Amino acid sequence: MSSQKKIIFDVKIGDGAGQWYGTLILSNISYEDKSPVTINEYLGITFKSPVVNPPPITAYAALTPYQQATPNIVTEPIDDNTLSVTVQILVGSPHTFQPSDTITFYINGNLTVNPDLWTKSFALYADHLPSGTVDVDCAAAPDKALADSEQVVTLFRDNLPTPLSVVLGKIEANKVAAGTYTVTADELTNLDETVVATAQVSPSSVNVEVGEKTTIKVDYGAVKKYSALDVSIGKLSSPIDKEQLHCKVVDHDTGAELYDFYSPDNHLTKLRRLPASGNADISARAIVNNVQYSATKTTALANKLISVSIDQNDVVVSKIDTTGFVDLPIQVNTDLSNSSDTISVRLSSTNSDFVYTQNVPLNAYTSKFDAPVAPGQYTVQATGFLDSSTAYAVQTNATLKVEKNGSSVLELTTRKGANLDVHGFPDFLSFGALSDLSDLEGKDFIAAKASSLFKYAGNDGAGDAGIYLPDDPATTRTIALAKTVEDAIGGGHTVLPVMISYTVNLSLSDSNTRLQDALGLAHSFGNLILSLNLAKQHGKPDVPAGYVVNPDFLGECQKDFAPDYEMPVRQPLTDALNHRKVDAEIPDEVTDTLKGYVLAVNWLIRTVAPEVTFGWQVNLWGVGRSEWIYSKDPSAEGPAEMAKKTADYVKSLGVYDGEYAPDFLSVDRYEADDFTQRAYANGYCYGPYEWARFFDFCGGLSFEMRVPVMPWQIPASRIPNKGEPVRDLETEQWGSGGTYIFGDAAIGGDYTNVHPRVLAIKPAAGVGHPTVADIFATAPPFDLGDPKYADFPLRGIFAVLLGGGATTGVMSNIGKTGPWTQDKMNAYMQSPIPFSAKV
């Protein structure tokens, strides 16, 4: 088989290697007989590296034709100075290596000492790695109720999991890449967790050697029995249909609390591992504007699943004694006059169930809550609104203490944001996604009713700094695909082609060298001109295409470079204009500085193709780190503060100033599905809390800059539920982004609905949680049943672009979520959110 043929290649230490840092670069990959190497899933690589400080080793694969490749890298110490490195370069679709393809490893260690030890240690494998066999000898089910249960055994190497196939009562063989692993086994449970057995695995670690066999044995401890409750809150009437009911389960005889949780209406909460006998009282209540709505049910507990339902007929309504409550005035500060808009205000007590809601007219200026308010500490929520397609935020203190003497006042101030009617995009919140141009009929995009699709311009997708391209098929084919999809959907639906274009690629290392590469800058300027001209030639006259320019540029520069940083600008731009025969005079304001470079890009686009719509891109990590997203410390800098830091830097460069200003701003988190190693091992593993903060960050940017924003390369992968098969986290590419945005009733408000393989994932230390289960459990209220996109316009978000080169969007050939995302987007398009509406 060709997969067993020897692969040859060139490897060298990159220029500039020193005591602390260096690169190892692979190129000219082929078989020994010079035939090309084709991989279907991954390229396996093993090599030796000096010990790195700080870790980890990272990699980038530059492939032609362009596609995003995902490196999974595992290291093991050989001795105090040397690491054994095992790599999978994962691809989303089959790839045949070209001589120009390169794979670069970035190593925080000294490659200059004994360089042959590193360069001559490499070995490459197509779609496999040197492996051994791990037999899992599993005991029979210790209880008949567990006979159909799934036993999960996972090997961990460098904190990356390898799940094993296990059959109860049998020995199952597994092919596993060579290396040393720790071994874990989940407890064995039935579906409702009424019967549970502890799994005991031995040994706790194994060394898998090439061609050898090792055995893991799984036995079981004592079986424990429980009862389980499914508590269903039915469809409720106003005003509690929009409230989270405070629910409790207590022991009927002792009053001991068994569960305390919140539930919306029309929702099922699954409670597990309760006592197997006795009686339990289940209560639910909400107090809104001094009216209590409550219900209580009692049930006998037993070793089985028990269903309890509470609906509107069970609710008892009673008034609260308001003795000692006070009036709470509301002061509105706004520059809007004669507006019919209202501000929705909500006070939630921090230590009781009191909730107060009020719709405050903007033109009232001074009013008060209709109901007297109980003294105490409250959190305050004031919802923004849209007026004439412009987003307005409402600023107020996050907390308010209502004094007993009635002296407290709630102040609300409106803040004008961006107009969301963006040139070339529809006048409603829209969704688009990446295309790899593998399906030029656009079936996936037609099924999704996508409003846009994006692709990287050029051959290498990153500016092609080594050459003036003679043609750019990626641009013309993307425009043609958008037209095909648009025509197929019909009914006046529009599809905007969006090109991702680099005039300098700072997504890799050594930004200073790339910013000083005058010839490379000229080539990339020229290739942007080529793409713009092709867009005008092949696109629609009014708006031929959209452009997102220079991903990672602002983020990388924010970390290292001031606006007056000197770099070649005018000469590379002049050379590019001359090469493409563009007769235009560069403005004097374009200087040989970083700020001048930004102006040059804006001027170039507005000069060559003023019809296009375009925007720059910023990164979540531009502030120097991305882990701030996980913080729950109220005194720490959060989304608003990080957005201001980023916005201040963008303003310092004048990116959105003057007559050549862009139309929008793209915001990138990190292009990877959260439950793949590429994401969680690099510190990107989000639950609903983190996603909410990311979109708050987007909103903060929009309001700080008064620019409409477009989250870009957002992973649309969904969370698998525990009732569906999950076999390979890496190839199936599960994640949380799609579930957060579009909602999923199968997950709903109970994180135990999530598949156990996902819950068991151990993310990088910077995430601050030992497992995904802990991320979800500490994110109350956990509620992913309904879509979260409804308030995107209120954050200044006008569109969302999903997916990436190896990240889930709408394409069916990446992961398992594509068709699900198509259905969700199609359903949304039945009633999209217009910017003219009063949201």
Side-chain angles (χ1 to χ4, degrees), residues 136 146 148-156 159-168 174 184-197 199 228 230 268-273 305 672-681 684-691 715-763 767 769-779 782-785 807-808 814-821 824:
V136 181
L146 298 173
D148 296 326
S149 300
E150 178 185 12
Q151 176 62 62
V152 176
V153 176
T154 306
L155 303 182
F156 285 92
N159 208 35
L160 300 179
T162 299
L164 300 182
S165 177
V166 183
V167 179
L168 295 176
N174 296 263
T184 65
D186 293 356
E187 60 187 3
L188 188 67
T189 74
N190 63 348
L191 186 60
D192 300 318
E193 298 181 46
T194 56
V195 182
V196 179
D230 278 359
L268 178 69
T269 301
K270 298 179 180 181
L271 308 178
R272 299 297 182 257
R273 306 195 188 194
L305 175 64
D673 297 299
D674 290 64
F675 305 141
T676 62
Q677 294 173 9
R678 184 163 63 107
Y680 67 74
Y684 294 89
C685 192
Y686 285 11
Y689 173 81
E690 291 78 21
W691 278 117
S717 43
R718 67 179 177 90
I719 302 172
N721 67 73
K722 65 182 181 183
E724 61 186 308
V726 173
R727 295 182 175 87
D728 188 331
L729 293 172
E730 296 308 308
T731 60
E732 293 171 353
Q733 294 188 223
W734 306 101
S736 55
T739 303
Y740 179 84
I741 293 171
F742 295 109
D744 187 349
I747 301 299
D750 184 357
Y751 78 89
T752 64
N753 290 332
V754 176
H755 197 282
R757 284 194 176 176
V758 168
L759 294 176
I761 288 172
K762 298 178 180 180
V767 172
H769 296 272
T771 62
V772 168
D774 190 64
I775 292 172
F776 288 167
T778 56
F782 180 91
D783 185 8
L784 293 173
T807 298
T808 301
I814 296 180
K816 291 195 68 173
T817 305
W820 179 90
T821 309
K824 290 290 187 178

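As the structure is a computational prediction, the values presented were derived from the model and not from experiment.
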Enquirer: Check step by step if side-chain contact (heavy atoms from CB on, under 4.5 Å) holds for Ile761 and Gln677.
Expert: CA-CA 9 Å; Ile761 288 172; Gln677 294 173 9; over 6 Å; no
Enquirer: Do Pro756 and Lys722 have side chains that get closer than 4.5 Å, going by heavy atoms?
Expert: yes
Enquirer: I need the Asp783 CG to Ile747 CD1 distance, nearest 0.5 Å.
Expert: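 So the gap between those two atoms works out to 11.5 Å.
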Enquirer: Specify the closest pair of heavy atoms between Tyr740 and Pro688, including all atoms of both residues, with the distance to one decimal.
Expert: CE1-O, 3.6 Å
Enquirer: How about Tyr684 and Pro763: do any of their side-chain heavy atoms sit closer than 4.5 Å?
Expert: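 A side-chain contact is absent here, since even the closest heavy-atom pair is not under 4.5 Å.
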Enquirer: In terms of the angle between their ring planes, are Tyr686 and Trp691 parallel, tilted or perpendicular, with boundaries placed at 30° and 60°?
Expert: perpendicular
Enquirer: Any ion pair linking Glu724 and Arg718 (charged N to carboxylate O, less than 4.0 Å)?
Expert: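 Between Glu724 and Arg718 there is a salt bridge, with a charged N closer than 4.0 Å to a carboxylate O.
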Enquirer: Would a distance-only check, ignoring hydrogens and angles, find a side-chain to backbone donor-acceptor pair under 3.5 Å from Asp750 to Thr269?
Expert: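 No, the answer is negative, given that no donor and acceptor are paired below the 3.5 Å cut-off.
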Enquirer: Within this structure, what is the CZ-OG1 distance for the pair Phe742 and Thr821, rounded to the nearest 0.5 Å?
Expert: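 So the CZ of Phe742 and the OG1 of Thr821 are separated by 6.5 Å.
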Enquirer: Quick check: closest heavy atoms across Val758 and Val772, and the distance to 0.1 Å?
Expert: O-CB, 3.2 Å
Enquirer: Does the Asp774 side chain pair with the main chain of Thr778, one donor and one acceptor, at a distance under 3.5 Å?
Expert: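 No: the side chain of Asp774 does not pair with the backbone of Thr778.
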Enquirer: Where the side chain of Glu732 meets the backbone of Arg727, is there a donor-acceptor pair that is under 3.5 Å apart?
Expert: yes
Enquirer: Using a 3.5 Å distance criterion without hydrogens, assess whether the side chain of Thr807 forms a donor-acceptor pair with backbone atoms of Pro715.
Expert: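 No, Thr807 side chain to Pro715 backbone: no donor-acceptor pair under 3.5 Å.
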Enquirer: May I ask you to decide if Gly735's main-chain N or O and Asp674's side chain share a donor-acceptor pair within less than 3.5 Å?
Expert: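 Not at all, since once roles are kept as given, no pair shorter than 3.5 Å links the two residues.
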Enquirer: What's the spacing between Thr752 OG1 and Phe776 CZ if we round to 0.5 Å?
Expert: 11.5 Å
Enquirer: Nearest 0.5 Å, what's the CD-CG distance between Glu150 and Asn190?
Expert: 13.5 Å
Enquirer: Will you find, in the side chains of Thr739 and Asp744, an N or O donor that is under 3.5 Å from an N or O acceptor?
Expert: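 Note: Thr739 and Asp744 side chains miss the donor-acceptor criterion.
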Enquirer: If you apply the rule side-chain contact (heavy atoms from CB on, under 4.5 Å), what do you find for Arg272 with Asp230, and how did you get there?
Expert: CA-CA 9 Å; Arg272 299 297 182 257; Asp230 278 359; 3.0 Å; yes
Enquirer: Indicate the atoms forming the closest heavy-atom contact of Asp673 with Ser717, along with that distance.
Expert: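 For Asp673 versus Ser717, the nearest heavy atoms are OD1-OG, 2.7 Å.
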Enquirer: At their closest point, which heavy atom of Leu146 faces which heavy atom of Val195, and how far apart are they?
Expert: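 In terms of heavy atoms, the two residues are closest at CD2-O, 3.4 Å.
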Enquirer: Test side-chain contact (heavy atoms from CB on, under 4.5 Å) on Ile719 and Trp734; report intermediate values, then the result.
Expert: CA-CA 6 Å; Ile719 302 172; Trp734 306 101; over 6 Å; no
Enquirer: Can you measure from SG (Cys685) to NZ (Lys762) and round to the nearest 0.5 angstrom?
Expert: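 Between Cys685 SG and Lys762 NZ, I get 13.5 Å after rounding to 0.5 Å.
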Enquirer: Mind listing the closest non-hydrogen atom pair of Leu759 and Thr771 along with its distance?
Expert: O-CB, 3.5 Å
Enquirer: Does Lys824 use its side chain to pair, donor to acceptor, with the backbone of Gly743 at less than 3.5 Å?
Expert: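 Indeed, once roles are kept as given, a pair shorter than 3.5 Å links the two residues.
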Enquirer: Could you give me the CA-CA distance, side-chain angles and deciding distance for Leu188 and Leu168, then say whether side-chain contact (heavy atoms from CB on, under 4.5 Å) is met?
Expert: CA-CA 10 Å; Leu188 188 67; Leu168 295 176; 4.2 Å; yes
Enquirer: Can you give me the closest heavy-atom contact between Ala185 and Gln151, atom names plus distance?
Expert: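 Scanning both residues, the minimum pair turns out to be CB-NE2, 4.0 Å.
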Enquirer: Using a strict threshold of under 4.0 Å (side-chain N to carboxylate O), is an ion pair present between Asp192 and Arg273?
Expert: no
Enquirer: Roughly how far apart are Tyr680 OH and Ile775 CD1, rounded to 0.5 Å?
Expert: 11.5 Å
